[in-house]
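So you know, we letter chains A, B, ... as the sequences are listed, proteins then strands, and number each from 1.
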There are 2 protein chains.
Amino acid sequence: MNDNKRISIKEIARLADTSIATVSRIINKKGGYSKETERLVNDIIDTYGYVSNMAAKSLRESKSHTIGIIVPDISNDFFATIALHVEKTLKQHNYSCYICNTSNDEETEKEYFKDLDSKLVDGIICISGLKNLPENISNRNIPIVCIDRKPANSKNIPIVSNNDTEASYEATKLLIEKGCKQIIYISAFPLEHHLQARRQGYEKALLDHNIKLDKNLIFYLTGKDISYVESEVLVAEFLQAGNTCDGILATSDRIALGALYALKRYDIKIPEEVKLIGFDNSLYSRLPSPSISTISRNTVMLASEGCRILLDMLDGKTPENLETIVPAYIVERESTK
Amino acid sequence: MNDNKRISIKEIARLADTSIATVSRIINKKGGYSKETERLVNDIIDTYGYVSNMAAKSLRESKSHTIGIIVPDISNDFFATIALHVEKTLKQHNYSCYICNTSNDEETEKEYFKDLDSKLVDGIICISGLKNLPENISNRNIPIVCIDRKPANSKNIPIVSNNDTEASYEATKLLIEKGCKQIIYISAFPLEHHLQARRQGYEKALLDHNIKLDKNLIFYLTGKDISYVESEVLVAEFLQAGNTCDGILATSDRIALGALYALKRYDIKIPEEVKLIGFDNSLYSRLPSPSISTISRNTVMLASEGCRILLDMLDGKTPENLETIVPAYIVERESTK
DNA sequence: ATGAAAGCGCTAACAA
DNA sequence: TTGTTAGCGCTTTCAT
């Protein structure tokens, strides 16, 4: 078959001396043809290496058997793991995936939504960075499931996320129980709902343990630099100014890592003098010495729950719950031991 | 526009009281229409949130403005970085990307090739795990560029890879110059060409420095477990048996990390007693303490060279070089200092 | 069990 | 500058 041209069902029909309708039926196993023609047609398909033309199929059916996955940053372990798991799961249900990397850029994300719309994707799994989803996509009635982050105008869109408030509460509590009294809180700028939830958990834990909230211990990154760089600078400046602390809660492992670097730079012993805990259970917490305690977000479950809901919606079902909570849990490592 | 139905150019034409041909021309900026109709049509497009139907466009044009990216494992930092960079680069040239994660599974990879063919992708960037590319795809005359790994039957397919032999040579030389005489070599099972190249570089460096090759110092992983686990076990057993070494060259950072863990377990000082170097310049070498010296593969350049060549091919040019070598270079860290 | 034909939305060749 | 029309490959309805 050294022919580089794609063969069509029309051609197959001609070769099998039958009609394109029959060929189509055979390819899609719809029944209504003889064993004999079936064998003949399948033989031709094999010999000529026929591959269906998805564009034509999609045009005709107004669907693409494809799902779009929107991720902020595929080179981030956390998102990559989710994307990977989503892809694998959906593949088992005969969907392929467009992975769209927004680089946390709002304009890019909007473009991708349009792109996915244009490509007739059957559904979207979305870890969005947008405050609001684009109007047109939300009006298109295309099934969307959000993971981790929830755009404000997504009232009817199911979301799968963690019990962030509680997880953050537990992390703070762990530090307190290990004797910490001055606990720094470092977070990315809390545009997103889940970051606000974490702050609440932190505050509640302090309150419940009679520790007065000290606003001077709360820091937000600007996002102008890589998070661990910003975090390192911030903690270093804090220490340089003669301030003290005995615990640090960071809302990501990368932020925690920056803190770790700063503490090391000032020869502060971890966990003896300062205890440290992050979020995400990524390589950033697993690999450093001392290894950093962290909150596992349970990426596999975030992904599989998201898929389950999306697949239900693709089947025409209405999701019973708009909010699905995946339990995050503490992974204790050297930095709090 | 609370209508969830997609509007077509036919509908636009009706609303603008013109023909679909004119609308098509305006959308694609082909010229041959008045300023006035242009404005009118664009207004309608905006108000109705028109989005083109890619399936129809692809069917008509026999191309999809989409590139397929085949990767073995998107949750691996090294591949993810390449995929990300490829996606960003191609996006600037108005191509979107299918990222296909093969999980190092041959069957999956073959399926994906078929899938990409079916989706009429205009080109493929391929970090393949296959010994041979599928027949049908190589006969389809669709532009393919391989990165890092080269299937055997890809005679006419351009490949972008590193100068692995030299890089490995330099790494070994570095260890030797720092005084190492018993250098362990640990590699994944060398099905792939670039792993054989690295072994050659290692051997040549030993030879050039009058160190006799000791086959007992050469180890291959089976691939039955995660590489750093296998590597840790392997080095631990080596030490347990009372053997000694003063340097380790690992063909990936993950393998190097396993070695690091084993050495630490036996309280062997790095770099004082044993020096260690890996490959990839990933988080696995950057984050641990001591940090691990490594060979940077120059992922950004691997990706951008791959894109450059593919874009040329998409323009109908024949690539001038079938082999493009991207220089890998040593990143020295604590483990060899 | 099979076939003829319509039509999905689009581009491009041709006509006006 | 604009419009008419064929046809890309496919599924599906309606005949037979």
May I ask you to test the B/I12-B/Y48 pair for a side-chain heavy-atom distance under 4.5 Å? no
Does the side chain of A/K30 get closer than 4.0 angstrom to OP1 or OP2 of D/dT12 through an N or O atom? yes
Length of the line joining B/R25:CZ and C/dG9:P, which is rounded to integer Å: 20 Å
For B/K63 and C/dG9, what is the distance between atoms NZ and P respectively, to the nearest whole Å? 22 Å
Choose from C/dA5, C/dC10, D/dG9 the nucleotide whose nearest atom is closest to any side-chain atom of A/I20. C/dA5
Please report, rounded to the nearest Å, how far the P atom of D/dC8 is from the NZ atom of B/K119. 23 Å
Value in whole Å for how far the P atom of D/dG9 lies from CD1 of A/I7: 11 Å
Describe, in one word, how the ring planes of A/Y98 and B/Y98 are oriented to each other, choosing from parallel (under 30°), tilted (30 to 60°) and perpendicular (over 60°). parallel
Check the phosphate of C/dC10 against B/Y50, side-chain N and O only, distance under 4.0 Å to OP1 or OP2. Yes or no? yes
May I ask you to verify if any side-chain N or O of B/T18 is less than 4.0 angstrom from the OP1 or OP2 atom of D/dG3? yes
Between A/S8 and D/dC8, is there a side-chain N or O to OP1/OP2 distance below 4.0 Å? no
Between atom NZ in B/K57 and atom C1' in D/dG7, what is the gap in whole Å? 17 Å
Beyond-backbone contact of A/L133 with A/I144, side-chain heavy atoms, under 4.5 angstrom: yes
Going by heavy atoms in the side chains, are A/L314 and A/H93 under 4.5 Å from each other? no
Hey, does the side chain of B/T37 come within less than 4.0 Å of D/dT2's phosphate (OP1/OP2), counting only N and O? yes
Figure out the NZ/P separation between A/K10 and C/dA5, and round it to whole Å. 13 Å
Grab the CG-P distance between A/N28 and D/dG9 for me, whole Å please. 17 Å
May I ask you to evaluate whether B/S34 reaches the phosphate of D/dT2, defined as a side-chain N or O under 4.0 Å from OP1 or OP2? yes
Nearest-Å distance, CD1 (B/I9) to C1' (C/dC10)? 5 Å
Donor-acceptor contact below 3.5 Å, side chain B/N76 vs main chain B/F78: yes
Which is more 5' along DNA chain C, the nucleotide nearest A/A56 or the one nearest A/K35? Just name the residue. A/K35
For D/dG3 and B/T22 - does any side-chain N or O of the residue sit under 4.0 Å from the phosphate oxygens OP1/OP2? yes
Students often get this wrong, so: under 4.0 angstrom with heavy atoms, is A/S62 touching a base, only sugar-phosphate, or nothing? nothing
